[in-house]
Amino acid sequence: MNFLSIDLTQKDHFLSIIYEGKNLDLKFNNPSRQNSNNWDTKIDRILEEFKGFDFKKLDFNFYAAGPGSYTGARLAFTFLDTLKYIHSIPFVGFSNLLIMQRLYPRCIPVIQGTRKDFFFRYNDEDLYTTDKQYLSSLGDNFSTLENQHLFSQSEKISLERVAKEMLELGARENGFKAGNIFPNYIKPLEYKKIHE
């Protein structure tokens, strides 16, 4: 089976591919806002590094739905939705927090937003708060992205790991049917704010 996984929710962009039994992980450094929709660059690099790659032969695709750059999530959704329209290739979006929780199941995954707000996953639910002290009251085992320094002790997750884990989950038998996944962009953004 052939799969494509896309994470455009970070400053750098990440794609992971399993195609005809081979794996490829790609990083696209720091695209500017004006160039964040640079699919021509991404496609050219895939075709250059993966000789014989054919988008029509993909069986299932995945994208990171956030939290993070929601513009990036929308761009990933639009690209995969286009592939679905043209080639009937199904796709789903994963909550970044769900993927982080799968990597460190005993930790509370936390992503800091741009406005001193915090997105986190607790009791299998994606939540939101502006109170860091509230997060501390939930426990002391956290996982964060490697570029965020929220807690003195937390499991650090490399930025490219989200795309890789989505791909690994999806590549497992019926992996894309497991867990809390989403068929479209809108549903995963319904975070519940915790009123402190």
Side-chain angles (χ1 to χ4, degrees), residues 2-19 22-51 53 55 58 60-83 91-104 107-121 126 128 142-151 154-171 181-182 185 188-189 191:
N2 300 324
F3 302 97
L4 169 65
S5 172
I6 302 172
D7 181 6
L8 308 185
T9 62
Q10 306 300 322
K11 189 174 183 182
D12 293 330
H13 291 171
F14 302 94
L15 278 68
S16 288
I17 300 169
I18 294 176
Y19 187 79
K22 298 177 185 174
N23 290 61
L24 178 66
D25 298 312
L26 298 173
K27 176 181 178 180
F28 297 86
N29 291 323
N30 192 17
S32 67
R33 281 185 170 260
Q34 295 169 332
N35 295 324
S36 61
N37 198 19
N38 58 348
W39 280 108
D40 54 340
T41 302
K42 290 177 175 68
I43 291 169
D44 286 346
R45 187 156 164 214
I46 291 170
L47 296 177
E48 176 184 314
E49 296 199 28
F50 229 136
K51 303 299 183 201
F53 182 88
F55 282 97
L58 290 168
F60 213 96
N61 298 320
F62 315 95
Y63 75 102
S69 167
Y70 294 122
T71 298
R74 286 192 294 270
L75 292 172
F77 173 89
T78 302
F79 180 75
L80 294 182
D81 200 36
T82 302
L83 287 179
F91 71 98
V92 292
F94 284 90
S95 160
N96 293 40
L97 295 168
L98 172 69
I99 296 302
M100 291 169 67
Q101 185 178 50
R102 290 185 63 84
L103 291 168
Y104 291 100
C107 294
I108 299 169
V110 180
I111 296 176
Q112 184 170 3
T114 56
R115 297 184 182 95
K116 295 185 180 179
D117 48 0
F118 306 93
F119 297 89
F120 64 103
R121 188 169 178 84
D126 285 2
Y128 166 87
F142 296 95
S143 62
T144 60
L145 297 173
E146 66 183 352
N147 63 343
Q148 297 191 337
H149 307 286
L150 304 176
F151 305 98
S154 64
E155 297 292 344
K156 296 292 187 182
I157 297 172
S158 63
L159 299 179
E160 69 272 5
R161 194 67 192 114
V162 173
K164 290 181 184 181
E165 181 65 17
M166 281 191 299
L167 188 69
E168 290 171 16
L169 172 62
I181 58 175
F182 306 97
Y185 173 72
L189 300 184
Y191 296 98

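Numbers here simply count residues along the sequence, with the first being 1. All values below were derived from every heavy atom in this structure, side-chain atoms included, with hydrogens, water molecules and symmetry-related copies excluded.
Asn61 CG to Leu80 CG: the interatomic distance, rounded to the nearest 0.5 Å, is 5.0 Å. In this structure, Met166 CE and Arg102 CZ are separated by 12.5 Å, a value rounded to the nearest 0.5 Å. For the atom pair CD of Glu155 and OG1 of Thr144, the computed distance is 9.0 Å after rounding to the nearest 0.5 Å. Atom CZ of Arg121 and atom CD1 of Ile111 lie 11.5 Å apart (nearest 0.5 Å). Leu169 CG to Leu103 CG: the interatomic distance, rounded to the nearest 0.5 Å, is 10.0 Å.
Ring orientation note: the planes of Phe77 and Phe91 are nearly perpendicular, at an angle over 60° on the 30°/60° scale. Classification of the Phe50-Phe53 ring pair by plane angle, with boundaries at 30° and 60°, yields tilted.
Of all heavy-atom pairs between Cys107 and Ser143, the closest is CB-N, 3.7 Å. When all heavy atoms are compared, the tightest approach of Arg161 to Glu168 is NH2-OE1, 3.1 Å. Scanning all heavy atoms of the two residues, the minimum distance from Ser16 to Asp25 falls at OG-OD1, 2.7 Å. The minimum heavy-atom distance between Phe119 and Gly113, with the atom names listed, is CE1-CA, 4.2 Å. The minimum heavy-atom distance linking Leu8 with Ala76 is given by the pair CD1-N, 3.8 Å. Here the closest non-hydrogen pair linking Tyr70 and Gly66 is CE2-CA, 4.0 Å.
Distance alone, capped at 3.5 Å, is enough to place a donor-acceptor pair between the Lys51 side chain and the Glu48 backbone. Checked by atom type and distance alone, the side chain of Gln10 never pairs as donor or acceptor with a backbone atom of Leu159 at under 3.5 Å.
Residues Phe142 and Tyr104 place their aromatic rings such that the two centres sit no closer than 6.0 Å.
Counted within 6.0 Å of NZ on Lys22, heavy atoms from surrounding residues, nucleotides or ligands total 12 or fewer; the atom is thus considered open.
A salt bridge links Arg45 with Glu49: the distance from a Lys NZ or Arg NE/NH1/NH2 to an Asp or Glu carboxylate oxygen falls below 4.0 Å.
Put simply, the residue from Val110, Val162, Ile108, Asp126 that forms a side chain to side chain contact (heavy atoms under 4.5 Å, CB included) with Leu97 is Asp126.
Both cation-pi conditions hold for Lys42 and Phe28: the charged atom is under 6.0 angstrom from the six-membered ring centre and inside a 45 degree cone around its axis.
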